[in-house]
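Written out below as structure tokens is the structure these notes cover.
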Amino acid sequence: LFSPLSEAAALTLLILYLIFRRYKRRRLELGDHGCEGCPELGRGTICSGYILQANAFREYRDRIDEELNRPDRMLLLPVVRRSF
């Protein structure tokens, strides 16, 4: 009735759904309490954890930009010519 590929796709979707549901529940449990007990919470400045994550994201973004913009890695899109 179903091909092995569709069964594998259905199983993958089910696993992803269960992971997402668990993640969502955990986020609801933590809510606004994720930073409780942090010594930097009351300082009125951006915490060091956020700064580290932002810097890591920027570094990752810059490396991806460099990789994608290398001359030998340029994506050459085919030229589409329309004739009407």
Side-chain angles (χ1 to χ4, degrees):
L1 183 64
F2 295 107
S3 72
L5 185 60
S6 64
E7 290 175 3
L11 181 61
T12 302
L13 287 175
L14 176 65
I15 290 171
L16 288 174
Y17 171 75
L18 293 174
I19 290 171
F20 175 74
R21 201 172 90 184
R22 184 173 178 175
Y23 168 78
K24 190 174 178 182
R25 263 196 210 148
R26 184 69 177 139
R27 291 298 302 155
L28 288 174
E29 287 172 6
L30 285 176
D32 296 333
H33 308 292
C35 293
E36 275 185 7
C38 177
E40 298 180 29
L41 188 59
R43 291 187 186 166
T45 61
I46 297 174
C47 77
S48 60
Y50 184 84
I51 292 170
L52 285 172
Q53 287 296 324
N55 288 337
F57 175 77
R58 287 185 196 106
E59 182 181 325
Y60 177 74
R61 181 198 59 202
D62 292 343
R63 283 191 291 161
I64 293 296
D65 284 343
E66 288 172 9
E67 183 68 25
L68 291 176
N69 291 323
R70 281 189 0 216
D72 61 331
R73 293 280 299 206
M74 292 301 288
L75 178 63
L76 300 175
L77 297 175
V79 176
V80 178
R81 294 194 172 113
R82 295 185 183 155
S83 58
F84 295 97

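Values reported hereafter were calculated over all heavy atoms of this structure, with side chains retained and with hydrogens, waters and symmetry mates removed. For clarity, every value in this text was computed on a predicted model and none was experimentally measured.
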Donor-acceptor list for residues 53-66 side chains, cut-off 3.5 Å, not counting sequence neighbours:
unit_1	atom_1	unit_2	atom_2	d
Asn55	OD1	Arg58	NH1	3.1
Asn55	ND2	Ile51	O	3.3

Roughly how far apart are Glu29 CD and Arg27 CZ, rounded to 0.5 Å?
11.0 Å

Rounded distance (nearest 0.5 Å) linking atom OH of Tyr17 with atom NZ of Lys24
8.5 Å

Considering residues, nucleotides and ligands other than Leu11, do more than 12 of their heavy atoms fall under 6.0 Å from its CG?
yes

